[in-house]
Every structure is written in C-alpha cells, then in structure tokens.
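Numbering of ligands and ligand atoms starts at 1, following listing order. We count residues from 1, following the sequence as given.
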Amino acid sequence: MRYISTRGGIQPISFKDAVMMGLATDGGLLLPESYPRVTERQLEEWRHLSYPELALQVISPFVDDIPAHDLKELIDRSYATFNHPEVTPVVRQNGVHILELFHGPTLAFKDVALQFLGNLFEYILAERGQQLNIVGATSGDTGSAAIHGVRGKKGITIFIMHPHGKTSPVQALQMTTVTDDNVHNIAIRGTFDDCQNMVKALFNDLAFKEKYCLGAVNSINWARVLAQVVYYAYAWLRATDTGRQPVSFSVPTGNFGDIFAGYVAKRIGVPIDMLVLATNENNILTRFVNNGDYSLAEVVATASPSMDIQLASNFERYLFHLYNEDPARVRKAFDELKEKGRISFSADEMERVRSDFRSASVDQGATLETIGSFYRETGYLLDPHTAVGVRAALDLIPAGTVRVCLATAHPAKFGEAVERAIAAPAPLPPAIAALENLPTRCEIMDADLEQVRQFFVSHVS
Ligand SMILES: *Cc1c(COP(=O)(O)O)cnc(C)c1O
C-alpha cells in the first residue's frame, strides 16, 4: 500500500515513510492510495478473534513494508498495556452500547492510537539508526497519552509543555509521574497558547528542526487513524450476532480523527449505517453537515475541553474524498478558507456529506443533564465528552436499531464536571488514586523561548 497527499505534492510513499513524515511535506495529509475491502466471510471469521488478533487483520492490508511477525509483535505489545482483557469492551446500558475506549494508561481513547504509534516509531528508528526528539504542547489529554506512548522507548526523547496549574490535577499527575529518562515535562508559567507558540517557534526554525530531528505527535499521523479503525470493527462484532446487521456510531468529535477512522471502517466494509458527528458549543462541523456552513468562529471553553476546537485537522482527509480525490480542489478550498474564513459547498456535495454523516451540537447544560439522567437510570457514569455523543445518539439514531456510543474518556478524568452533574464526587479508579503517592519530575519555567531552547539543547538525545 502506498500513501499520497491530499494536496498532491509528493510522490507515493510507503507506510513506514508515511509514519515518519506525519504531516505531508507539501502541507497536506497522507492517505492510502486505495482502501482494501473485507468480505462478508472474513467479517464472520473475525468474530472469534481477540482485540490484538483483530487489529492485525484490520491493519495488515495497509502495511506492506513490515514483516507480519514484527507487526504482530508491535500490536501485541501496544495493547498489553490496557487494563481490560478485551482492550475496548462494549457494555450495554439503557438501549445503547457503550464502546469503552478508556482502559489504556491515561484513561482516554488517545492511548489506543498512541501506544501503537510509540512502538512503531521505536521500531522504524532502530531499523534506520535514527533518533527522534518529539516536542509538543498540551492542555491535557494528548500530552499525557503521547508521554505514555513513548516512555522508555529507545531512540526517542519527548518534551511536553503544559500551562503550569492550568491542566486538571489528574492530567498533570499523569504527565509528571512519568520519570523515565527520555521524558521531559515542562510546566510553563503562562497559558496553553504560550506553550503552543513556543513549539511553533522551535519548528519554524528549520535549521534547528533539522539539526535536532524534531518531530510532532499530533492527530494527523496516519498510523493514529489506522489504529482507531480497529475498534469500529471490534464494536460491530460485539454488538451484532451475525450477518451484515448494520450498526450506527456516535462519536464526540474535536479534530475529526476518531470519526474519520469510522468513515474508513465503513469504506473497508464494516457494516456501518449512520455515523453521528457530535459536537459541543464549538460546532463548526455540525453547522457544516446540517447547513453547509463551514465558517470559522471563536473557540469557546466547555465541560468537554478535548473537543474545544474550530479547525479540525483531519477534516482535510474527508474533503479529499468528497472532492473525488482531486488535490487541486482541496488546495482551492483551503485558499478560500484563508481568504474568506469559510468554505462553500455545492448542493451535490452537501447531499453526499449528509449521506456520510448526521450531526448534532450538544451544549454544556444538555451534557451535564445527560450525565445526570443516565446515571440515575443506569448507575453508569459518562464522562462529559462521552455524554455529548450519547445525547446526540439518543436524539438522532432511531431506538430499536443498534446504537454504539464511543466512550472517549473515563469519568474520573473530568471529575469536576461529573460532580456538578450528579451532585456527588466521581469515584476514583485505583490507577488514578495511586498517582498521588508517586514521585514526580517536572521543570517549571517562564514562557521564555530562549530558556526553553536552552533546556531542550542540553537534554536532547
Ligand atoms: C481527543 C478527544 C476527543 C476528540 O477526538 P478527535 O479525534 O480529535 O475528534 C474526544 N474526547 C476525548 C476525551 C478526547 O481526548
């Protein structure tokens, strides 16, 4: 399988090169040249597989430059860190299926992709005799999942900046209790934007970037999307008994990575009916699906912070398909966005969009109300991101059909919102409670680029 860019500016490359490239060098995103198809018979054969066995089946057709035995070993190691034997179990509550994606090391769904990506990086770097220095800024979730994905890995050093005192206490501990030599937490006396701007400044210094082999871990890496396709197939197998019974999914959406993985799952032949794109008050994607209005607005802070995004980075992958794989159309759309702050779509295009997705925006009041009512009816606690998806599923997917809601975080990770919703503290899982007693390591600094650069240079691999 070869990979191409949505902007059409690179020659097709292999899977391993796509993993190492991350963002395409022409500014686009990487996608496979074509999608493999699973047959009905294969789907039935998959019913007996464990999660890692299924992952190998789903991922293999996209990877032709890693021997099967090595790929199997990478996948097995990536999911052995999950604390549930099923990795991503499906539980049934109140007429919906909940796909629990939060049993990894940081209790959020990003672990599913980043555990795999960390192992892939290590494998490819060792083979090529290369080093990688990952630099990133986080407001919480991605940073901790990235740190846990690469801790202790050979050839990789990671530097993650977070705004000092401005992440949730659990999120801070999930980062700073990782004391492996190759992990550097930097708490910046400033905002998330200060952190982000310093990361951008380091990457924009091309000589510096080259000299120190700088890399990023954002949601644009193809391997992350690919790892996420697996659990759509897994959930379909768990939520159906037999045959090609279709299932609908509801996905709390931020950067469009997770729901794009659902779109890929449908394209490879997993029997998916509706894909519900659920947003919070930051609802540009809902306005797009429902009204063809793709226009940027200000980001609003909500109870589901990992979805507080306007420009969804993975959206470009979908646009490429919507434009029948024509990179010139993609470039034109982004020119329009830059000039006018919006992209316009034809009636035909919107018809296709609405056959691919349904969408609803769920505000903070409705989110907390959903956590409360779901808890009263079932005793099951939803995290605020998951609750956005559950509310959208109940509103848009007919009862009596198979509805799967992606549970993207453990409720204890967002304890404050949960406590407000149910007027009682969210119970702490042992993994989180134990963090309180672990040693921590973290460098606290001013938002001063030179100081950060100095620290980086004296700690790179
Ligand atoms: C990142 C994240 C999301 C959004 O996922 P995308 O792939 O960015 O759309 C939703 N919920 C939680 C808990 C997250 O961490």
### Message
Here's a test for you: under ring-ring contact (aromatic ring centres under 6.0 Å, His included), which of Tyr294, Tyr263, Phe260 qualifies with Phe315?
### Response
Tyr294
### Query
Can you tell which of Ala407, Gly254, Ala145 gets a heavy atom nearest to atom 4 (C) of ligand 1?
Gly254
### Message
Need the ligand 1 atom indices (1-based, order shown) with element for anything under 4.0 Å from a heavy-atom of Thr253.
### Response
9 (O)
### Message
Below the 3.5 angstrom mark, is there an N/O of Asp258, backbone or side chain, next to an N/O of ligand 1?
### Response
yes
### Side chain, backbone, both or neither: Phe256 near ligand 1, heavy atoms under 4.0 Å
backbone
#### Entry: Subset of ligand 1 atoms that lie under 4.0 Å from at least one heavy atom of Ala409
13 (C)
### Lys110 contact mode with ligand 1 (heavy-atom cut-off under 4.0 Å)
side chain
### Query
Does the cation-pi check pass for Arg354 over Phe357, that is, NZ or CZ under 6.0 Å from the six-membered ring centre and within 45° of its axis?
no
### Message
I'd like to know if Arg329 pairs up with Glu349 as an ion pair, taking the criterion as any Lys NZ or Arg NE/NH1/NH2 lying under 4.0 Å from an Asp or Glu carboxylate oxygen.
### Response
yes
#### Entry: Pair Arg391 + Asp395: basic N to acidic O under 4.0 Å
yes
### Task
Tell me, please, whether Phe15 has Arg2 positioned over its six-membered ring: NZ or CZ under 6.0 Å from the ring centre and within 45 degrees of its axis?
no
### Test log, rule side-chain hydrogen bond (donor to acceptor under 3.5 Å, both in side chains), inputs Gln171 and Asp141
CA-CA 7 Å; Gln171 287 174 328; Asp141 267 0; 3.2 Å; yes
### Query
Does the side chain of Val58 reach to within under 4.5 Å of the side chain of Tyr232, using non-hydrogen atoms?
no
### Query
Going by the atom numbers of ligand 1, which of them fall below 4.0 Å from some non-hydrogen atom of Thr408?
10 (C), 11 (N), 12 (C), 13 (C)
### Task
Among all protein heavy atoms, pick out the one at the shortest distance from atom 8 (O) of ligand 1; state its residue, atom name and that distance to 0.1 Å.
Asn255 N, 2.7 Å
### Task
Indicate the ring-plane relationship of Phe62 and Trp222, choosing parallel, tilted or perpendicular according to the 30° and 60° boundaries.
tilted
## Note on the structure
One finds that the ligand 1 atoms under 4.0 Å from a non-hydrogen atom of Pro252 are 4 (C), 10 (C)
### Message
Looking at Arg77 and Glu122, is any side-chain nitrogen of the basic one under 4.0 Å from a carboxylate oxygen of the acidic one?
### Response
yes
### Message
Under 4.0 Å from a heavy atom of Asp141: which atoms of ligand 1 are those, numbered in the order shown and with their elements?
### Response
13 (C), 14 (C), 15 (O)
### Taking atom 5 (O) of ligand 1 as the reference point, the nearest protein heavy atom with its distance
Phe109 CZ, 3.4 Å
### Query
Do any heavy atoms of Phe102 fall under 4.0 Å from ligand 1?
no
### Summary
One finds that the ligand 1 atoms under 4.0 Å from a non-hydrogen atom of Gly257 are 6 (P), 7 (O), 9 (O)
